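Computed from a prediction, not measured in an experiment: that's the story for all the values here.
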Amino acid sequence: MTVQADSQVLEQLPQWQEKSPRYIGLHRDLLQLKVSSSFLPVLEEHIAAIAAELRSEIDIPPILRFHDLLPIWPELENLFREAVSIICTHLVNHPSDVSALRQFSSQPSLIKSTAERWYNNNSL
């Protein structure tokens, strides 16, 4: 989603929340997560460089592999933990799910391997 689309959704949330307060509250809180402004330019620059390199090597459209994305893992892990914290506040009636999410978010290597499996459309 774009920042503009996010803003439009955030404006509509009060109306939607009247109909479904639990779920809308969760989505509102997740939409308000901010990606560090220092992260996006690095990622965009890297993706552009990889795409240019791939175009120069082959005559077909570039396909970015997971390792081409150069995620800044500490920032992504922090963002993931923030999202987990928000989700857990909305899952107070599901303590086993909260426990599993918190355990998962405390394992950086598991976050990375799961992200790679998801990116490659493999079973999680």
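Contact record, Leu110 with Thr114: O-OG1, 2.8 Å, taken as the closest heavy-atom pair. For the residue pair Phe66 and Lys112, the shortest heavy atom distance occurs at CZ-O, 4.1 Å. Closest heavy-atom contact between Cys88 and Val98: SG-CG1, 3.7 Å.
With contacts defined as side-chain heavy-atom distances shorter than 4.5 Å, the pair Ile87/Asp29 does not qualify. Between Leu79 and Glu75, every side-chain heavy-atom pair lies at or beyond the 4.5 Å cut-off.
With values rounded to the nearest 0.5 angstrom, Ser96 atom OG is found 9.5 Å from Leu91 atom CG. Interatomic distance, Arg81 CZ to Leu76 CG, rounded to the nearest 0.5 Å: 10.5 Å. Interatomic distance, Leu101 CG to Ser85 OG, rounded to the nearest 0.5 Å: 10.5 Å. Taking CD from Glu82 and OG from Ser105, the interatomic distance works out to 11.5 Å, rounded to the nearest 0.5 Å.
The list of ring-ring contact (aromatic ring centres under 6.0 Å, His included) pairs with a residue in residues 77-105, not counting sequence neighbours, reads Phe80-Phe104.
At distances below 3.5 Å, at least one donor-acceptor pair connects side-chain atoms of Asn120 with backbone N or O atoms of Glu116.
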